[in-house]
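Here is the structure we will look at.
Naming: A, B, ... by sequence-line order, numbering from 1 per chain.
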Amino acid sequence: MSIVAKETIEVIAQSIGINNLSADAALSLAPDVEYRMREIMQEAIKCMRHSRRTTMTTDDVDCALNLRNVEPVYGFASGGPLQFKRAVGHRDLFYIDDKDVDLKDVIEAPLPKAPLDTAVVCHWLAIEGVQPAIPENASVGVIAASSDGKTNEQKDELPVDIKLPVKHVLSRELQLYFDKITELTVRKSDSALFKEALVSLATDSGLHPLVPYFTYFIADEVSRGLNDYSLLFALMRVVWSLLQNPHIHIETYLHQLMPSVVTCLVSKKLGNRIADNHWELRDFTANLVASICKRFGHVYNTLQTRLTKTLLSALLDPKRALTQHYGAIQGLAALGPNVVRLLILPNLEPYLQLLEPELLLEKQKNEVKRHEAWRVYGALLLAAGQCIYDRLKIFPPLPSPPGHAVWKSREKIVTAVPNKRKASMEPLEHDPASKKIATDGPIGMASAKSSPSSVQEETAAPHPSSDLDVDQPSTSEKMPNDERSVNRGGKDSKVLKKSAILNQIWKDDLNSGRTLVSLFELFGEGILYFIPAPEMSLFL
Amino acid sequence: MDNMQAVNSFVAAYLKKKGFKEAEQLLEDLQSKDSAPIDFHNDPELAKFIHHFSQSEDDVVRYQDGYSKLRSWTYSSLDLYKHELLRVLYPVFIHSFMDLVAKGHLQEARTFFNAFREDHELMHSRDLQKLEGVLTQSHLEEMEFARSLRQNKVNIKICQYSYDLLLQYLHKTQSTAMLGVINEHINFQVSPGQPTSISDDAEVVTLIGSCQDAANQINQKEIHWGLLEDSLEERLEKAGGLLSDSEKTEGENKEGDVDETKKRSVEGGKQGASTKKLKKDKAASATAKSARPEANTTSTAPRVKPELPLPVMPTEVEQSILEDLRNRVQLSSVALPSVSFYTFLNTHNGLNCSSISHDGSLVAGGFSDSSLKIWDMAKLGQQAGSSILQGENDSTSSKHVVGPNGVKRSYTLLQGHSGPVYSANFSPLGDFILSSSADTTIRLWSTELNANLVCYKGHNYPVWDVQFSPVGHYFASASHDRTARIWSMDKIQPMRIMAGHLSDVDCVQWHANCNYIATGSSDKTVRLWDVQSGECVRIFIGHRSMILSLAMSPDGRYMASGDEDGTIMMWDLSSGRCVTPLMGHSSCVWTLAFSCEGSLLASGSADCTVKLWDVTTSTKVPKNEEKSGNPNRLRSLKTLPTKLTPVYSLRFSRRNLLFAAGALSKNQ
């Protein structure tokens with residue numbers, strides 16, 4: 001019946017030295033204790049409200065006790081709110097962590113700083129109903145959120161007020177700021193000042209009024225300056241900084257911003273000089289796009305679908321330039337392994353067939369083109385690798401993958417492939433055809449002999465670290481590697497072998513195993529073509 | 001066994017006397033079967049109970065004592081459960097009365113009835129009138145009403161804890177008479193969980209219940225909600241009406257001057273004789289009425305005479321007010337006010353209240369360390385507030401330039417209270433400030449001398465709120481002792497004590513015409529009191545939690561009240577009904593303010609927002625349309641979020657600039 005149990009009363013009685021409290025007394029005391037507690041809480045809540053607070057403090061309870069002419073409980077007026085800790089093993093039991101304090105420490109400690117004195121500052125919360133974007137006011141997000149609510153409130157209203165068009169007045173300071181930033185972006189994007197500007201864009205509050213101007217500026221400059229690599233990069237950095245700024249509510253401008261960003265990702269030509277590393281720009285933009293999707297995907301649920309549709313159509317159109325394909329792949333890959341699995345992998349085989357002639361030295365004489373093709377190939381490999389890595393990560397017997405560190409060759413072909421594939425691929429990467437079978441042999445044999453799980457482990461072992469089987473051949477083959485001979489015949493047999501082994505390994509998981517097998521077939525081919533890439537980059 | 005039989009025979013006799021045929025039959029059956037004999041010997045309670053019934057001579061005392069004890073216990077019970085327990089009182093009362101009558105104590109029944117009838121007069125006056133006529137036992141049988149009462153049990157919904165409390169009480173005090181009445185006539189429907197809200201229950205049978213009869217009963221009293229005759233606004237209208245717009249600015253000054261001189265001469269003649277003054281004012285207003293153009297909306301409102309002798313306003317102040325009125329910004333749903341926000345920094349959770357003077361030049365804060373601090377924004381103006389105060393301080397800044405204290409503080413520290421300061425309030429002219437504290441006192445301070453002038457003692461418990469009347473000089477206070485009091489600045493004793501709330505009076509507000517005050521209480525009701533007579537003239541029921549803030553519309557017709565849950569209610573004073581609740585805040589509404597022409601309501605809350613509500617649409621609609629009932633008429637116009645700053649107080653200046661104040665809270 002009562003919240004306070006009879007036992008509680010007995011315990012309290014014992015704690016104050018009454019050992020022979022009768023059960024009846026405890027039983028009749030319990031409801032009274034509850035009543036008194038309710039009474040004190042009722043008064044304490046009143047005191048809390050009149051102190052304009054919404055959290056109760058010990059002062060309120062003391063005040064309530066005062067009102068009832070009870071001596072207050074001393075020793076809890078610590079000022080700040082008490083920190084309650086949950087007792088282990090109990091759901092509703094809390095206690096105050098009361099640490100022992102050494103008196104010596106207290107005495108020897110330096111005096112605390114005097115608390116700052118109360119002050120009053122004044123600002124405009126609103127000017128004729130419009131809240132100025134000044135640091136003293138709540139950030140724009142809060143304002144926008146509440147105004148959203150307000151529009152809902154107004155929807156069902158009968159008397160419709162026709163709102164006059166609001167003149168968007170920019171303060172002089174903001175105008176200057178905007179001019180300075182745009183000038184820096186266009187002219188001196190490599191200066192240290194620009195870096196400062198980016199930091200300012202990413203952190204300053206009160207920039208929200210400038211966002212429409214910035215979006216317009218970015219769209220304008222991107223459409224005009226497709227040939228200017230450094231400008232484009234600077235613009236993308238501005239977008240990145242704006243996205244970082246917690247005080248800016250950028251999603252309302254995303255529809256204006258996205259075309260420019262996607263342009264920088266999948267445009268045919270970015271920059272006009274051969275030295276312009278437009279790949280880097282594309283990579284950067286891909287990450288940008290991915291972060292936008294991640295942040296605003298839930299607000300605009302069509303955002304990601306529209307984006308992937310655009311990118312996929314760019315990828316699957318054989319008439320598009322390889323640079324565009326590269327951008328599309330990077331963009332899709334940045335959206336995560338699931339997107340890759342669903343959108344790239346099904347199209348991987350036909351695409352690779354399409355790509356194949358571009359990759360071959362004998363068929364594609366234009367070195368630039370061939371380089372591009374290899375770039376695309378590398379991106380594909382990376383995307384598929386990350387995807388498969390993500391798939392394999394979920395298998396329990398795998399040890400924590402040590403080999404997932406991103407491998408970068410000199411011109412940034414990233415080969416962050418899953419360990420298994422890496423292990424099997426690594427020897428291939430450096431294979432002269434003659435030695436390849438020999439090197440593959442031991443691995444295949446070993447893996448075939450051991451149980452599936454151990455094979456997995458073995459294959460998953462990091463290549464450069466300690467796996468002798470793999471490591472030795474690869475290091476020994478570094479030299480012949482340079483010969484760069486392409487042998488199709490040997491490859492095929494090896495691929496078969498590989499896939500057979502892998503099939504065996506993952507036959508328990510047919511579903512992902514099938515994906516893997518098909519991937520491996522493709523990668524088997526790909527890996528061989530992959531070899532010349534570092535050398536080709538050396539040419540450039 | 002002898003004893004047993006004696007008991008049985010007594011019970012049988014009792015049942016016969018009471019006319020409980022069925023029960024009698026049952027008892028006989030029981031006796032004949034002789035099964036399951038009840039062990040009366042080992043149950044002293046029961047024995048005592050029976051013993052009590054056998055001795056009828058002290059019936060009267062038991063009923064009277066029992067009832068009065070039950071009554072006082074109920075009134076002092078927990079707020080949360082009080083209204084449920086109060087429901088029990090009425091049935092107990094009437095049945096005790098009828099029991100007494102039935103037992104033949106006619107005279108005593110009468111005294112009993114008269115002693116406690118006042119409690120229920122409000123709610124059940126008709127029933128009581130009927131019962132008054134019951135003079136003998138035979139009446140009880142004859143009268144249909146009484147018979148139906150006797151035969152039917154009253155259903156009372158009550159929550160588990162209230163029920164437990166009641167049983168505990170009855171058990172502890174062994175008031176068997178009451179226990180008997182309750183058992184016999186009340187059927188409790190005990191529901192688990194929280195008690196029901198007062199406003200939920202249509203059949204509440206209490207003093208403060210929402211029974212339509214009762215609400216009407218008390219709310220039928222006449223109220224003169226019109227504005228005061230001969231107010232400054234009125235005079236301004238008159239002046240404006242006589243002149244065309246082009247020559248207004250020029251002419252107004254002249255007109256004002258003429259007006260002033262006239263007034264001064266009039267006043268000069270009647271210093272000290274307030275009654276005479278009233279007459280003259282009336283005469284003046286009568287002439288004003290004839291001159292007033294019909295088209296003016298505000299002037300169509302009825303005017304009333306002040307019931308209090310009002311203080312005389314210095315002419316230069318009057319001038320500045322008139323000036324402000326002329327420069328007032330017209331606010332509406334499309335023309336929102338500018339809001340200037342005063343943020344208290346480094347309050348260390350100690351700020352309890354704040355107040356802003358009418359022109360925003362002074363800001364006061366009351367702290368839990370018993371101090372009262374006043375900031376002169378004109379002095380701070382060099383850094384922050386210069387532009388803000390430009391428009392406002394032309395008349396008053398010179399007055400508030402006080403010499404520097406010699407201390408580095410940016411504020412004036414007023415010390416004197418010995419407990420947390422719960423409320424502070426500037427006088428309408430800004431020359432005084434009142435503060436109320438947990439030390440049960442109210443102190444009057446001069447903002448010019450920076451010194452304490454008077455300490456008003458009268459309340460017995462912490463004083464939660466204090467408010468100057470719109471004309472100054474008088475003020476009202478609200479306290480934990482469940483009373484509101486009216487004071488005059490020149491007397492240290494209260495002029496009126498308003499008692500009637502069932503719990504703490506948490507906030508108080510003056511009506512625009514100074515003839516009424518409104519009080520909001522922890523008993524979840526708002527009451528309107530006549531200042532002159534001290535009577536309660538309206539009860540407003542509808543809030544579901546403690547009332548924290550009140551505001552009166554400038555035209556005197558409406559009142560807004562805000563509660564702990566964030567609900568704001570607009571009340572029509574004349575009908576006593578709620579016009580519409582305004583939902584939107586998610587936490588305590590600390591403060592409310594009407595704009596000067598009454599078109600907007602601003603509310604400040606613990607959820608760190610200032611909300612602006614459109615109240616013109618509802619207040620200006622014709623009566624018939626209002627009755628057709630569009631509850632969504634009042635709407636939220638704008639939400640202005642602050643930066644982690646709960647809004648403690650709001651105030652519209654005479655020129656309709658909105659001032660807000662609050663303490664920055666870092667730990668949210």
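- In this structure, A:Arg38 satisfies the cation-pi test against B:Tyr161, with its NZ or CZ atom closer than 6.0 Å to the six-membered ring centre and inside 45 degrees of the ring normal.
- Here B:Asp504 is the residue among B:Val363, B:Leu331, B:Asp504 with the most heavy-atom pairs under 4.5 Å with chain A.
- With a 4.5 angstrom heavy-atom cutoff, B:Ser77 touches chain A via backbone and side-chain atoms both.
- Using a 4.5 Å heavy-atom threshold, the side chains of B:Ser587 and A:Thr54 count as touching.
- Proximity to chain A involves both the backbone and the side chain of B:Leu78, based on heavy atoms less than 4.5 angstrom apart.
- The side-chain heavy atoms of B:Met377 and A:Val120, taken from C-beta on, include a pair separated by under 4.5 Å.
- In this structure, the separation between CG on B:Leu165 and CD on A:Glu34 is 8.0 Å, given to the nearest 0.5 Å.
- Of the listed residues (B:Leu336, B:Thr343, B:Val329), the one with the most heavy-atom contacts under 4.5 Å to chain A is B:Thr343.
- Between A:Thr118 and B:Trp375 the shortest heavy-atom distance is O-CZ2, 3.7 Å.
- Taken to the nearest 0.5 Å, the OG atom of A:Ser28 stands 9.5 Å off from the NE2 atom of B:His171.
- Looking at heavy atoms from C-beta onward, A:Lys46 lies in side-chain contact with B:Ser503 at the 4.5 angstrom threshold.
- The distance from atom CD1 of A:Ile45 to atom CD of B:Glu564, rounded to the nearest 0.5 Å, is 7.0 Å.
- The shortest heavy-atom contact between A:Cys122 and B:Tyr342 is SG-CE2, 3.3 Å.
- Only the backbone of B:Pro337 comes within contact range of chain A, with heavy atoms under 4.5 Å apart.
- Contact of B:Tyr163 with chain A is not made at all, since no heavy-atom distance falls under 4.5 Å.
- Side-chain contact between A:Asp117 and B:Lys373 is present, with heavy atoms from C-beta onward closer than 4.5 Å.
- With hydrogens and angles ignored, the 3.5 Å screen pairs a side-chain donor or acceptor of A:Gln42 with a backbone N or O of B:Asp79.
- In this structure, NZ in B:Lys638 is found 6.5 Å from CD in A:Gln131, a value given to the nearest 0.5 Å.
- The part of B:Val610 that comes within reach of chain A is its side chain, from C-beta onward, which places non-hydrogen atoms under 4.5 angstrom from that chain.
- Between the OG atom in B:Ser423 and the NE2 atom in A:His50 there is a gap of 10.0 Å [rounded to 0.5 Å].
- Nearest heavy atom pair, residue A:Gly129 against residue B:Leu640, reads O-CD2, 4.1 Å.
- Closest approach of B:His348 to A:Leu116, counting heavy atoms only: NE2-O, 3.1 Å.
- Comparing B:Trp590, B:Phe344, B:Tyr461 by heavy-atom pairs within less than 4.5 Å of chain A, the highest count is held by B:Trp590.
- B:Trp464 and A:Cys47 make their closest contact through CH2-SG, 4.1 Å (heavy atoms, listed as atom of the first residue, atom of the second, distance).
- Proximity to chain A is absent for every atom of B:Ser649, based on heavy atoms less than 4.5 angstrom apart.
- Proximity to chain B (any heavy atom under 4.5 Å) is shown, for A:Glu128, by both the backbone and the side chain.
- By the side-chain contact (heavy atoms from CB on, under 4.5 Å) test, A:Val33 is found to be paired with A:Val4, A:Ile9, A:Met37, residues two or more places apart in sequence or in another chain being considered.
- By the side-chain contact (heavy atoms from CB on, under 4.5 Å) test, A:Ser51 pairs with A:Arg53, A:Asp60, B:Asn352, B:Tyr422, sequence neighbours left out.
- Of the candidates B:Thr645, B:Val647, B:Thr642, B:Thr642 is the only one forming a side chain to side chain contact (heavy atoms under 4.5 Å, CB included) with A:Leu125.
- Of the atoms belonging to B:Asp465, not a single heavy atom falls under 4.5 Å from chain A.
- A 4.5 Å side-chain heavy-atom check between A:Arg52 and B:Ser354 finds every atom pair outside the cut-off.
- Atom CD1 of residue B:Ile547 and atom CZ of residue A:Arg49 lie 13.5 Å apart, to the nearest 0.5 angstrom.
- Proximity to chain A (any heavy atom under 4.5 Å) is restricted, for B:Leu351, to the backbone atoms N, CA, C and O.
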**Request:** Go through the steps for A:Trp124 and B:Ser340 under the test side-chain contact (heavy atoms from CB on, under 4.5 Å), then give the verdict.
**Result:** CA-CA 5 Å; A:Trp124 287 110; B:Ser340 170; 4.0 Å; yes

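- Using a 4.5 Å cut-off between heavy atoms, B:Ser522 contacts chain A through its side chain alone, with no backbone atom that close.
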